[in-house]
Amino acid sequence: QMQLVESGGGLAQPGGSLRLSCATSGSIFFVNMGWYRQAPGKQRELVAVITRGGRIDYADSVKGRFTISRDNAKNTVYLQMNSLKPEDTAVYYCNAGIGALNYWGQGTQVTVSS
């Protein structure tokens, strides 16, 4: 069992930046990590993923604006979000994939509004 705790959400203006963190209760060295988001009335969608081997993929909607990274020594994954848009408003969830198992954090709200 792995616990994930997200932090760093909040209110940002369009064009602004936020940095999300996901702290885990165990080692993420062999774990695929990802960020997902869910806007009101919409399905949860993948934002970014970083595999245990370091391969990174982004949703087309965030390419060039968001950066995912991991610090295995701190068991933490980050999502740097720049040039934020109102459509980025959602609850952001951290995900850890270990084989067939998936663990989720409780989510952190990101609101982009002027």
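As the structure is a computational prediction, the values presented were derived from the model and not from experiment. For the single chain, residues carry numbers from 1 onward in sequence order.
Residue pairs that meet the disulfide bond (SG atoms under 2.5 Å apart) test with at least one member in residues 22-100, sequence neighbours left out, are Cys22-Cys94.
Hydrophobic clustering, with ILVMFWY side chains joined whenever heavy atoms are under 4.5 angstrom apart, keeps Met81 apart from Tyr78. If you chain together hydrophobic residues whose side chains sit under 4.5 Å apart, Tyr103 and Val47 fall into the same group. Using a 4.5 Å cut-off between side-chain heavy atoms of Ile, Leu, Val, Met, Phe, Trp and Tyr, with links allowed through other members, Ile98 and Val49 fall into different hydrophobic clusters. Tyr58 is connected to Val112 through a chain of hydrophobic side-chain contacts under 4.5 Å among Ile, Leu, Val, Met, Phe, Trp and Tyr, so both are in one cluster.
Interatomic distance, CD1 of Ile68 versus CD1 of Ile56, reported as 6.5 Å (0.5 Å rounding). Here the straight-line distance linking atom CG of Leu18 with atom CD of Gln13 works out to 11.0 Å at 0.5 Å rounding. The CG atom of Asn75 lies 9.5 Å from the CZ atom of Arg70; values are rounded to the nearest 0.5 Å. Rounding to the nearest 0.5 Å gives a distance of 9.5 Å between CD of Gln109 and OH of Tyr92. Note that CG of Leu4 is 7.5 Å distant from CG of Asn95, once rounded to the nearest 0.5 Å. Here the straight-line distance linking atom OG1 of Thr111 with atom CG of Leu11 works out to 6.0 Å at 0.5 Å rounding.
Between Lys85 and Asp88, none of the side-chain N atoms (NZ, or NE/NH1/NH2) sits under 4.0 Å from a carboxylate O, so this pair counts as no salt bridge.
Here Tyr36 pairs with Trp104 under the ring pair (Phe, Tyr, Trp, His ring centres under 6.0 Å) rule; sequence neighbours left out.
Because its NZ or CZ atom is not both nearer than 6.0 Å to the ring centre of Phe29 and within 45° of the ring axis, Arg52 does not count as a cation-pi partner of that residue. The cationic group of Arg37 does not satisfy the cation-pi geometry with Tyr93, failing either the under 6.0 Å distance to the six-membered ring centre or the 45° limit from the ring axis.
The shortest non-hydrogen separation linking Ser83 to Ser17 is N-OG, 4.4 Å. The two atoms that bring Ala96 and Met2 nearest to each other are CB-SD, 3.8 Å, heavy atoms only. In this structure, Ser21 and Trp35 approach most closely via the heavy-atom pair O-CH2, 3.6 Å. Closest non-hydrogen pair, Pro14 versus Ser113, comes out as CD-C, 3.6 Å.
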| task | Check the pair Thr67 / Leu79 against side chain to side chain contact (heavy atoms under 4.5 Å, CB included), numbers first and verdict last. | result | CA-CA 6 Å; Thr67 303; Leu79 185 68; over 6 Å; no
| message | Show, in sequence, the C-alpha distance, side-chain angles and deciding distance for Gln106 and Glu6, and conclude whether the side chain to side chain contact (heavy atoms under 4.5 Å, CB included) test is met. | response | CA-CA 7 Å; Gln106 82 288 348; Glu6 302 98 335; 2.9 Å; yes
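Annotation for Gln43: atom CD does not count as buried by contact number, only 12 or fewer foreign heavy atoms lying within 6.0 Å.
There is no side-chain donor-acceptor pair under 3.5 Å between Asp71 and Thr76.
In this structure, Leu20 and Thr108 have side chains that are in contact, with non-hydrogen atoms separated by less than 4.5 Å.
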